[in-house]
Amino acid sequence: MQTPSVQRIMAILTKPKEIWPQIADEATSVRTLYLGWILWLAAIPPVFSSIGASLMWSRIMGPATMLGMGGVGPFVIQNLVMGYILQIVLVAVLAWATMALAKSFDGQPDLAQATKTVAYAFTPVWLAGVFQALPVPFLGALASLAAWVYAIYQIFLGLPLTMRCSAQKAGTYTAVIAIIGVLTAILLGMIKGGMWLASRAGTPF
């Protein structure tokens, strides 16, 4: 399985206007995007979120709480697994929405191009996940917000090139995708919280 290129990551972060025309012209498949990019980078937020949770609970309740089926350890593992799955689901939902809405904005429906748009645009959001391991939650939230704003800008740059949409409608197209993304993220977060509460029912912690 190919790993994400550091050069590509740095280009997306620092030279998006230069890299998006190249990205748009690349022949790739949905499978390649998942195996070579999405599955790797989407793991960053849940991994570092779990590290942050582990450190927090270890400070509050002591290292011993990380052990045992009723302790924090299983919760951290569950948080990691659910968080990772929901990251993948978010990408799939947004890619499908991007493809489905393409004709409405004079674009060309193409699932591979739509997945490419979402996958590369979400790069700053995934990378910002490292801040979730910090002991100050406010900093993690601030980094995540900034990353989401930059991701929306990346989508704005990418859509006219990847989906061949009208330049005049790129802003509206971007806004619709952004709204869908935020609402989907909130919904998935609620599902994750509900699953956690259900799994903790009847346990002392």
Side-chain angles (χ1 to χ4, degrees), residues 1-2 4 8-9 11-13 16-46 81-129 144-195:
M1 184 187 299
Q2 183 180 0
R8 170 59 58 88
I9 291 174
I12 291 172
L13 294 179
K17 290 184 178 180
E18 296 179 21
I19 195 64
W20 272 105
Q22 178 181 333
I23 289 173
D25 290 339
E26 291 174 349
T28 188
S29 66
V30 173
R31 180 178 182 274
T32 299
L33 288 166
Y34 272 92
L35 294 180
W37 195 266
I38 298 168
L39 293 180
W40 293 91
L41 296 182
I44 295 176
V81 173
M82 288 195 302
Y84 185 51
I85 292 174
L86 294 180
Q87 287 285 332
I88 303 303
V89 171
L90 177 59
V91 172
V93 170
L94 282 182
W96 181 87
T98 301
M99 177 193 69
L101 292 168
K103 285 188 176 180
S104 299
F105 298 97
D106 301 333
Q108 299 176 8
D110 186 310
L111 184 57
Q113 289 289 79
T115 304
K116 180 192 297 183
T117 306
V118 175
Y120 288 122
F122 258 60
T123 299
V125 174
W126 290 326
L127 293 177
S144 180
L145 177 61
W148 267 89
V149 172
Y150 197 39
I152 292 171
Y153 173 65
Q154 295 274 356
I155 292 174
F156 173 74
L157 292 178
L159 286 176
L161 301 169
T162 56
M163 306 308 295
R164 312 297 181 187
C165 73
S166 166
Q168 291 75 21
K169 296 184 178 181
T172 307
Y173 195 177
T174 301
V176 173
I177 297 301
I179 292 171
I180 293 173
V182 171
L183 293 178
T184 303
I186 292 173
L187 177 60
L188 292 176
M190 293 172 63
I191 293 173
K192 179 182 175 183
M195 292 173 65

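Every heavy atom of this structure was used, including side-chain atoms; hydrogens, water molecules and symmetry mates were not.
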For this session: Just jot down the ring pair (Phe, Tyr, Trp, His ring centres under 6.0 Å) partners of Phe122, sequence neighbours excluded, or say none.
Result: Trp126, Trp148
For this session: Grab the two heavy atoms, one from Ser29 and one from Thr32, that are nearest each other, plus how far apart they are.
Result: OG-OG1, 2.9 Å
Problem set entry | Exceeds 12 heavy-atom contacts within 6.0 angstrom, atom OH of Tyr150 | yes
Seminar exercise, completed: Looking only at heavy atoms, the pair that brings Ala147 and Ala128 closest together is CB-CB, 3.6 Å
Exercise. Who passes side chain to side chain contact (heavy atoms under 4.5 Å, CB included) against Ile19, sequence neighbours left out?
Worked result: Arg8, Ala11, Ile12, Gln22, Ile23
Exercise. Do you know which two heavy atoms are closest between Leu159 and Ala170, and how far apart they sit?
Worked result: CD1-O, 4.3 Å
Quick one: side chains of residues 93-106, donor-acceptor pairs under 3.5 Å with protein atoms, not counting sequence neighbours, listed by atom name and distance.
from   : atom 1 : to     : atom 2 : distance (Å)
Thr98  : OG1    : Leu94  : O      : 2.7
Asp106 : OD2    : Lys169 : NZ     : 3.2

Problem set entry | For Gln168, all residues meeting side chain to side chain donor-acceptor pair (under 3.5 Å), sequence neighbours excluded | Ser166
Problem set entry | Residues that Leu86 engages under side chain to side chain contact (heavy atoms under 4.5 Å, CB included), provided they are two or more places apart | Leu188, Lys192
Problem set entry | Gln113 side chain vs Thr162 backbone, donor-acceptor pair below 3.5 Å | yes
Exercise. Between atom CD1 of Ile155 and atom CD1 of Ile152, what is the distance when rounded to the nearest 0.5 Å?
Worked result: 6.5 Å
Problem set entry | Contact list for residues 175-187, test side-chain hydrogen bond (donor to acceptor under 3.5 Å, both in side chains), sequence neighbours left out | none
Exercise. For Thr28, which residues count as a side chain to side chain donor-acceptor pair (under 3.5 Å) partner, sequence neighbours excluded?
Worked result: none
Exercise. Within a strict 4.5 Å, meaning less than it, do heavy atoms of the Glu26 and Lys116 side chains meet?
Worked result: yes
Exercise. Step by step, would you call Tyr84 with Leu39 a side chain to side chain contact (heavy atoms under 4.5 Å, CB included)?
Worked result: CA-CA 9 Å; Tyr84 185 51; Leu39 293 180; 3.5 Å; yes
Seminar exercise, completed: Minimal heavy-atom distance between Gly36 and Trp40, with the atoms involved, is C-CD1, 4.0 Å
Problem set entry | Least distance between heavy atoms, Ala185 atom then Leu90 atom | N-CD1, 4.1 Å
For this session: Could you name each residue pair satisfying salt bridge (Lys or Arg N to Asp or Glu O under 4.0 Å) that touches residues 30-46, not counting sequence neighbours?
Result: none
Seminar exercise, completed: For Ala151 and Ala121 the tightest heavy-atom approach is CB-O, 3.2 Å
Problem set entry | Set of residues satisfying side chain to side chain contact (heavy atoms under 4.5 Å, CB included) with respect to Leu161, sequence neighbours excluded | Trp20, Pro21, Ala24
Exercise. Which residue pairs pass the salt bridge (Lys or Arg N to Asp or Glu O under 4.0 Å) test with at least one member in residues 151-167, sequence neighbours excluded?
Worked result: Asp25-Arg164
Exercise. Who pairs with Val30 by side chain to side chain contact (heavy atoms under 4.5 Å, CB included), at least two apart in sequence or on another chain?
Worked result: Tyr34, Leu111, Ala112, Thr115
For this session: Just jot down the side chain to side chain donor-acceptor pair (under 3.5 Å) partners of Tyr173, sequence neighbours excluded, or say none.
Result: none
